[in-house]
Number of protein chains: 2
Amino acid sequence: MKNTVQKTAVMNALMSLDHPTADEVYDCVHNEFPSISKATVYRILNRIAEEGEILHLRIPGGADRFDTTLCTHHHLQCNRCGKVCDVSVPELEGIEKRIKDENGFSIAGYRLVFSGLCSDCIFKK
Amino acid sequence: MKNTVQKTAVMNALMSLDHPTADEVYDCVHNEFPSISKATVYRILNRIAEEGEILHLRIPGGADRFDTTLCTHHHLQCNRCGKVCDVSVPELEGIEKRIKDENGFSIAGYRLVFSGLCSDCIFKK
DNA sequence: ATACTAACTGAAATTAATTCTCATTTAGGA
DNA sequence: TCCTAAATGAGAATTAATTTCAGTTAGTAT
């Protein structure tokens, strides 16, 4: 992959944001690099996700988000403020084998998204 | 909710399909009821999902699907043919409490989608 | 049976997220 | 410096789903 100023700007934005959507990355990059195109942000995010440098999270019922934490983990999403947090779920370790044995389904990966209210929002209103 | 011919047709379609998307429901209903509008299919599906008669599944990276199985369960999705199957995951029972204690996050629900290859597709090509 | 009204419907426009097209530019190797 | 594959910008296109609005209907009240 070529090393372009656009890619560097997107990488910097990813570092400074927490589980951003593509649009949030675009807004952030667009500040210091007004000429960047939204299509370029999407392309760069997809490209580096394919290469395994970041995770591409497909959030049920919302825009995709991108995650710089690479080890296996899952997500909590707040229904009120939309914030996404990481959570580890050791209960699921090794489940691929059980599913393979019981359902004949070869698991490449899985996504677990919890939805509810974050600690901040529980106390609001 | 009113009992319309459109609703009856959508319910019948749901019975005859397995984890259909809204579009698949539309195609099926449209055969015997050519004048039905796609908006009506979406509206009826959302309405009966809100009332708890079916589940509205938000599939990461794909169209939403609808499920007539109501007890808690999760899904396997085949990356090749797109088929979705049910799977139960008792490993996660009671996990809401652990997450609440450790993260202060009050869980309303969670979705777990496994992706990989179904037994049919493993042997194709 | 009739009238009434809130709920429902069809068609088309709209929104949101993402991808695609294509002409132009650029990074980095020869 | 030249060359070319790769990357970019701008905007059109796509996809899934929702909204709008004028007209229709189910089912309750009379």
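The model shown is predicted, which means the values in this text are computed figures rather than measured ones. A note on names: the letters A, B, ... follow the listed sequences, proteins ahead of strands, and every chain is numbered from 1.
Here A:K7 pairs with nothing under the side chain to side chain donor-acceptor pair (under 3.5 Å) rule; sequence neighbours left out. Under the side chain to side chain contact (heavy atoms under 4.5 Å, CB included) criterion, B:T8 pairs with B:N12, not counting sequence neighbours. In this view, B:D101 and B:K97 satisfy the side chain to side chain donor-acceptor pair (under 3.5 Å) rule, not counting sequence neighbours.
Near DNA chain C, meaning a heavy atom under 4.0 Å away, the residues from residues 32-42 of chain B are B:S35, B:I36, B:S37, B:A39, B:T40.
Across all their heavy atoms, B:N103 and A:S119 have their closest contact at O-OG, 4.4 Å.
For the pair B:L45 CG and C:dC8 P, the computed distance is 14 Å after rounding to whole Å. Atom pair A:R47:CZ and C:dT19:C1' shows a separation of 14 Å (rounding to whole Å applied). Following rounding to the nearest Å, A:I59 (CD1) and C:dT18 (C1') show an atom-to-atom distance of 16 Å.
With a 4.5 Å cut-off on side-chain heavy atoms, A:T21 and A:D64 do not count as touching. A heavy-atom distance below 4.5 Å is found between the side chains of A:L76 and B:I107. Side-chain contact between A:L55 and A:H73: present, with at least one pair of heavy atoms (C-beta onward) separated by less than 4.5 Å.
Checked against the 6.0 Å centroid threshold, A:H74 and A:Y110 count as a close aromatic pair.
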*asked:* For a salt bridge (charged side-chain N to carboxylate O under 4.0 Å, His left out) check, start with the C-alpha distance between B:D23 and B:K38, then their side-chain angles and the critical distance, and finish with the verdict.
replied: CA-CA 8 Å; B:D23 221 62; B:K38 201 171 275 195; 2.8 Å; yes
_Intermediate values then yes/no, side-chain contact (heavy atoms from CB on, under 4.5 Å), A:V41 and A:H30_ = CA-CA 10 Å; A:V41 171; A:H30 189 252; over 6 Å; no
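Put simply, A:N46 has no side-chain N or O that comes within less than 4.0 Å of OP1 or OP2 on C:dT18. The side chain of A:Q6 places no N or O atom within less than 4.0 Å of a non-bridging phosphate oxygen (OP1 or OP2) of C:dT26.
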Atom pairs under 3.5 Å, N or O on each side, protein against nucleotides 28-30 of chain C: can you list them with distances?
unit_1: C:dG28; atom_1: OP1; unit_2: A:N3; atom_2: N; d: 3.1

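The CD atom of B:Q77 lies 13.0 Å from the CZ atom of B:F114; values are rounded to the nearest 0.5 Å.
Counting non-hydrogen atoms under 4.0 angstrom, B:R58 reaches nothing in the nucleic acid. No engagement by A:D23 is indicated, since no non-hydrogen atom pair under 4.0 Å with the nucleic acid exists.
Using a 4.0 Å cutoff to heavy atoms of chain B, the contacted part of DNA chain D runs 5' to 3' from D:dA16 to D:dG27.
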